[in-house]
Amino acid sequence: MAEKITLDAAAQARFDLISNQLAEVLNPEIIEGILAEGRNPRVYWGTATTGRPHTGYFVPALKIAQLLNAGCDVVILLADIHGFLDNLKAPLDLVENRAKYYSKVITAILESVGVNTEKLTFVLGSSYQKNPDYVMDLYRLSSLVSEHDAKKAGAEVVKQSNNSPLSGLLYPLLQCLDEEYLKSDVQLGGLDQRKLFVAATEWLPKIGYRKRAHLLNPMIAGLQGGKMSSSEADSKIDLLDPADAISKKIRKAECAPKVVEENGVLAIVEYILLPAAGLKGNKEFRVERRDQEPLVYTDIKQLHEDFRNDILTPQILKPAVASGLVSLMAPIQAAYEASEEWKDITLKAYPPVEKKQKKVKDKGSRYPGAGKEQKEEKPAEKEQK
């Protein structure tokens, strides 16, 4: 059991901000030890540059904002090779532009809530993951990790099947090595990466590297329940969706009266709108009501209680959530509209899918009705003769 570290008031305040609103912190004593020394923890968050980022990306972005406020050095890994390894979700010809797109989006999210992004460091995975030392460490690690353990570590992160490509087994090994090669003290990720984080604390010491602490964000429910995903169009809202599309998706979202669990609409308030409002300096969520005073929430517990008691109903909650998202994403969309470079990157990263034209089949002369057509043609044929 790790020895308890006593922090002074300033260091404790920093630790409280680092651990705020997380689902779990693994090996917190590592962070406490760094803070006790008066150093800035170096935190890395990685994202595979695959599908277009959605509102769920506000969750890690808002956490990154808190980490910056806590004096952490933050590195964002644009994991282009990871995206390629994960069942070819990012084809090589699109990888470079998708990484550029992610960089633009993440910066815009943080700036939309007033975060100074000058201290952020972006690193492209392929800039170091092809280096000889890294590749040799990958070989070393692959000789020590079993197929079973690699599958288990990546079970909730990498797409798997009964006959998955070997690249999926390499994915979790790369993510562990990234902790060392990015010189991090801490890795930030979602609760779905817990098995991978636990594996990293076990695997890295086997090749002579120290273990790291891990910060686990809660998983935000999708609009149709379950995990919000880039590959599920109905579960997410794209960061560049127009206002009418946002309102329509929220209107169609599952939001059973009095049910708080797995409620994607409530999750948006809890993990996006309230924290974002807090960063802007006015942590509240307002719900307008016809012929009554508006409901104003500064605490998610009170909002949940009112929803369970049917004081806050889906009918009045949904328009408020849609309005909040439209307002929050307005600066992001304005930045996009003002940047011809970003628009050009978008077209190259996510080119429009061409619709396949339906081929007209040659039916021949024996399909039903053909005889009638042939009979109609015969008089003309005789005249020509």
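One is the number of the first residue; the rest follow in order along the sequence. Keep in mind it's a predicted model, so treat the numbers as computed, not measured. Computed from heavy atoms alone, side chains included, the values below leave out hydrogens, waters and symmetry copies.
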Nearest 0.5 Å please: distance from the [atom1] atom of [X] over to the [atom2] atom of [Y].
X    : Y    : atom1 : atom2 : value
T49  : E96  : OG1   : CD    : 10.5 Å
E270 : L274 : CD    : CG    : 8.5 Å
K249 : L223 : NZ    : CG    : 8.0 Å
I81  : D178 : CD1   : CG    : 9.5 Å
K195 : K152 : NZ    : NZ    : 7.0 Å
L312 : R289 : CG    : CZ    : 9.0 Å

Kindly say whether [Y] contributes a backbone atom to a donor-acceptor pair with the side chain of [X] at under 3.5 angstrom?
X    : Y    : result
R42  : D185 : no
Q333 : L239 : yes
S146 : D149 : yes
Y181 : D133 : yes
S167 : L85  : yes
K318 : A253 : yes
D8   : A10  : yes
S112 : M329 : no
T107 : S103 : yes
K343 : E337 : yes

Exercise. Run the numbers on E341 and K104 for salt bridge (Lys or Arg N to Asp or Glu O under 4.0 Å), then give the verdict.
Key: CA-CA 10 Å; E341 180 193 8; K104 292 279 188 185; 3.1 Å; yes
Heavy atoms, side chains only, cut-off 4.5 Å: are [X] and [Y] in contact?
X    : Y    : answer
S142 : L173 : yes
F58  : P275 : no
I18  : P41  : yes

Quiz item: Does the distance from a Lys or Arg side-chain N to an Asp or Glu carboxylate O, for K211 and E179, drop under 4.0 Å?
Solution: no
Quiz prompt | salt_bridge(K301, E305) N-O dist < 4.0 Å | solution = no
Can you name the residues that form a salt bridge (charged side-chain N to carboxylate O under 4.0 Å, His left out) with [X], not counting sequence neighbours?
X    : result
R251 : none
E288 : none
E24  : R194

Quiz prompt | Crowding at CD, E293 (>12 non-hydrogen neighbours, <6.0 Å) | solution = no
Quiz item: For atom NZ of K248, is the number of surrounding heavy atoms from other residues, nucleotides or ligands below 6.0 Å larger than 12?
Solution: no
Quiz item: For residues Q175 and Q187, is any side-chain donor paired with an opposing acceptor at under 3.5 Å?
Solution: yes
